[in-house]
Structures are given as structure tokens and as C-alpha cells.
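Values below: every heavy atom of this structure, side chains too, minus hydrogens, waters and symmetry copies. For clarity, every value in this text was computed on a predicted model and none was experimentally measured. Chain A is the first sequence line, chain B the second, and so forth, proteins listed ahead of strands; every chain is numbered from 1.
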Protein chains: 2
Amino acid sequence: MSLRNALLALLMVEPMTGYDLAKRFGSSVGNVWHAPDSQIYPELRRMAQDGLLEAEEVPFGRKGRKIAYSITEAGRQSFREWMDSDLQWARDRDPMHLRAAYFEYASPQRAREQLLAYREHTRQIQAAWQQQIDEIDAGTSAPLARRLSTVPEAEHHRTAAFKRFTYEGLVARAEAEIAWADRGLQLLAELYPEQLSAGSPA
Amino acid sequence: MSLRNALLALLMVEPMTGYDLAKRFGSSVGNVWHAPDSQIYPELRRMAQDGLLEAEEVPFGRKGRKIAYSITEAGRQSFREWMDSDLQWARDRDPMHLRAAYFEYASPQRAREQLLAYREHTRQIQAAWQQQIDEIDAGTSAPLARRLSTVPEAEHHRTAAFKRFTYEGLVARAEAEIAWADRGLQLLAELYPEQLSAGSPA
DNA sequence: TGAGCCATGTAAATAGTTACATGATTAA
DNA sequence: TTAATCATGTAACTATTTACATGGCTCA
């Protein structure tokens, strides 16, 4: 259901084609909710069937065609209802922590490599989130600018504040994960002083 | 695939029935990988079919029966291979942060209630994780005791250290989420001074 | 004898992943 | 004219959720 609402959130701002939405999932909303093209296209058609969206086929070039989706009043209401509904918390399902709990079954070298890879991966997504914050602060955030253009001036500050707040939380969480990976690397170095003497943990 | 490996991890220590495994998912491994009974029972049968487990039907009482699963050598090897394999990172899919990004569409009251509920929920799972740490430190952790009984004495320290390390990370991450919720409550109070004047954010 | 837990499941639906398939447009 | 990117999908599979179904055991 969240994919549907993530799509509605984007379409609250402006109509878009499936392709635009799929690409946008690689940047703005994709930072909090990933979805591949192959999930987006069918979902959009279902949403149109359910009356949440209106689909309009737009020709382009000689023979090209694309489908522009715009949100209907039913779609707007559905999104607002979701925003007011209680969330059900996702249960924990975390491969990296599951694995770390059983590191004694792995070789220290592999454990170390995995922590390094996890730290690197986390740093990368953290950088992407931080960039969103920087762009919001600099006033160069394209997604935010689009959103603000549909909102009365008096609400601009709040709208920007919520977006920034969201990314702050993600950056802080990533920071905790990076610190955790660092502690793990340190722990490995302490527990296996000989095997890991060659590589520096940091 | 992680469910399978979470089950293998438990069965590396000792044979268990489906019921035992399902219950254990409510405490030890369930802290990092949740799975309902209805997913566990079929998965165990599939794993037995694949030769990773041996199933033995054990009668109990007059007509009762249960199925004890023990890990086979193929199962042990499969688990070790998984432990050495690279993890593919789960994409971000986070309903609470998705929602927070669009809080301007919710009423400040509902936004506040949702942050309070999220903080409370996070505190609860954090407390469960912290309890695991306390039990490890006190030497009263039943799951750890079971694990240690199958491991040479020289490895006890390391085994305990990895378990503790895992839960430390989860506690720290929860701490970051709680701090984020606090910042959100503060932000709401600042953005909507009149509407929220009645309730204290903390 | 009834409540609560032990024990194992099935069915149906939804969600998500991976790999593949097809063709058009645009700019170098 | 070819590479990149625009544009939309299908098929097959795996994972997960939700709700339901069945019956035995144990203790008060």
C-alpha cells in the first residue's frame, strides 16, 4: 500500500508519466521508498482502474506514445486518509544485523570485508540524503521547488521543514550504522589480532 | 533466503520442532528477523526436501505428534556459504520516513500522534534489545548459553562479543530514531504553536 | 469441563524481485 | 548511424501477510 501512496504523493504535486515517476523514484521519493519500473507501471494502471488517477495517452514524435497520469479528487482523498491513518510498524528484518549476530561462523577476513562493504554502502546513501538537505538549504532542490509551487507562500516554511526533517533523520540513522560498523571493525581487530594484522580497520 | 538462514542459524545449535523455532522467533532471532508461524512451517518442510534438514516425527501424549528438525551436513555447509557470501543491500522502504516527508498534508495533531506512537514503539523494541544485552552481560542469556554449549571454551568470548555487538547496534539505531521523533515533536510545536499548545511534546 | 497453551498447518492475497522484450526518439 | 536514453511493459518467481482450520495436552 505504501508504493501506492508514494506515487500519490508525487502526483499530488503535478501530473506525470510512468517513466517520469519511475525516474523520480531513483532520486527524491526513491530515497525513502524504492520501487523498480516493473512494479510502478502495473501499479499505475491499477490505480487508474480504481479511480485514483486519470490516464491520458499523449503522442510524442512520429509514433511514440506515453501515458500521463494525473491524480483525481478520489486520489487526493485517498492520500489524505492514508496520511491520517495509523501506521503499522514493519517487523524487523535486517540481513546485516542477522549476519553480524553469527560472525563467529565466518572467517574474520570475511567478517571484516562485510563490515567494510556495509560501511561504504551506508556512507553512500548517507551522502545522497545529505545532498538533499544541502539542496533544500541552498534553495536548489528541484523536488521541493515543484512542491512549493503548489502551496501557498505561508506554508513554504513548513513544507520545507518537514522535508528537511525527514532527511535529517535518515542521515542520523546512517551515522549510527556507520559508527556500529566502526565498532565492529575494532572488535574484530581485538578478537583476531594476528589474522587481521595486515589491514587497517579504518 | 534470509529466513532460511535464520532458521539454519538456530538449528546449528540444536535440533528443534517447528513450534520451538516459531516461538524462538518471538525472542532471540526474532529480534533481527521476524517471521510468522505460517511462513516457518512450510519453509522447514522445503528445507527438509532440499536436504538441509532431517525431519523426525516424535509422538507426544496419546495421539499428539511433533516434528523435530535437525540440521544436516549439507545444511551446515549451506549456512557457512551464506555467511561467507556478499550481502545485497536492501533498498530503502520506510513507511514512517515516507510519511514524515509529507507531514504538511496531515493535521498537526495527527502528525504529533504518529510521532508519539513511533517513539513509543521504538522505545519498546529498544528495551527488548537492551534486555538481551543485559542478559548477555549477566550471564543469564538462555540463547547464548545454548550456543556456548556447542562451542569450545576458547571461543566463548568471541561468540558472546558478536551477539552483544549486534544488539548494541540495534539499540544505538533505535536511539537515533527516538531522537529523531523528539526533534519532530519539537518542530511541530514550533510550526503550530496554537494548535498544539494543549499537549506537551515530551 | 473449560481455558490456555501446544502443535501443525492451508488458502488466498499482496508485495516485491529479476530477467527479459520491444520499440521510438534524440543528439553526436 | 549508432549510442544513449525515453517509454512501456510481461513472465516467472520468491517472499510475506492475513486469516482461518484443526486438534491435542495440561491443569485448575
Side-chain angles (χ1 to χ4, degrees), chain A residues 1-8 15-27 29-30 32-50 53 55-69 82 87-95 98, chain B residues 1-8 15-27 29-30 32-50 52-53 55-69 82 86-95 98:
Chain A
M1 229 17 30
S2 281
L3 169 59
R4 183 166 281 217
N5 288 292
L7 291 167
L8 286 176
M16 259 182 274
T17 66
Y19 187 79
D20 292 336
L21 284 158
K23 288 308 122 178
R24 194 118 337 147
F25 262 70
S27 54
V29 220
V32 280
W33 198 273
H34 163 80
D37 303 8
S38 63
Q39 207 187 349
I40 290 173
Y41 286 111
E43 183 65 23
L44 286 170
R45 249 182 310 166
R46 256 174 269 133
M47 289 165 75
Q49 273 167 27
D50 294 349
L53 305 181
E56 192 195 357
E57 203 163 314
V58 178
F60 76 99
R62 202 159 312 201
K63 300 188 215 164
R65 81 195 164 100
K66 49 185 170 179
I67 301 163
Y69 290 97
W82 179 74
L87 273 187
Q88 43 190 3
W89 316 116
R91 310 308 188 81
D92 297 288
R93 205 166 276 130
D94 180 338
L98 170 59
Chain B
M1 229 19 27
S2 281
L3 169 59
R4 185 166 279 217
N5 287 292
L7 291 168
L8 286 176
M16 259 181 275
T17 66
Y19 187 77
D20 292 337
L21 284 158
K23 289 309 122 178
R24 193 120 336 147
F25 262 72
S27 54
V29 221
V32 281
W33 197 273
H34 164 81
D37 304 6
S38 63
Q39 206 186 350
I40 291 174
Y41 286 112
E43 183 64 25
L44 286 170
R45 249 182 312 168
R46 255 174 270 133
M47 289 165 76
Q49 270 166 28
D50 295 349
L52 303 177
L53 304 182
E56 193 195 356
E57 208 168 294
V58 179
F60 75 101
R62 204 159 309 202
K63 299 190 213 161
R65 80 198 165 97
K66 48 186 172 180
I67 301 163
Y69 290 97
W82 180 74
D86 288 329
L87 273 187
Q88 44 191 2
W89 315 116
R91 308 307 189 83
D92 296 288
R93 205 166 277 132
D94 180 336
L98 169 61

Under a 4.0 Å heavy-atom criterion, the protein footprint on nucleotides 23-28 of chain D, written with B, S and -, is -SS---
Closest heavy-atom pair, Y69(B) versus A48(B), reported as atoms and distance to 0.1 Å, is CE2-CB, 4.2 Å
Nearest heavy-atom neighbours spanning R93(B) and H34(A): NH2-O, 2.9 Å
On DNA chain C, which is the earliest and which the latest nucleotide, 5' to 3', with an atom closer than 4.0 Å to a heavy atom of chain A? dA15(C) to dT25(C)
Would you indicate whether the side-chain heavy atoms of L21(A) and E43(A) approach each other to under 4.5 Å? no
Distance in angstrom units between D37(A) CG and dA7(D) C1', rounded: 10 Å
Close side-chain approach of P95(B) to W89(A), heavy-atom, < 4.5 Å: no
Does a side-chain heavy-atom distance below 4.5 Å link I40(A) with Y19(A)? no
M47(A) vs L8(A), side chain to side chain contact (heavy atoms under 4.5 Å, CB included): CA-CA, chis, key distance, verdict: CA-CA 9 Å; M47(A) 289 165 75; L8(A) 286 176; 3.6 Å; yes
How does protein reach along nucleotides 10-18 of chain D, written 5' to 3' as B (base within reach of a heavy atom under 4.0 Å), S (only sugar-phosphate), or - (no contact)? B----SSBB
If you measure from CZ on R24(B) to CG on L7(B), what distance do you get to the nearest 0.5 Å? 12.0 Å
Got F25(A) and L3(A) here, is their nearest side-chain heavy-atom distance under 4.5 Å? yes
Distance, rounded to the nearest Å, where L44(A) contributes CG and dA7(D) contributes P: 14 Å
N5(A) side chain to S2(A) side chain, donor-acceptor N/O pair below 3.5 angstrom: no
Smallest separation among heavy atoms of D37(B) and P42(B), with atom names: O-CD, 4.2 Å
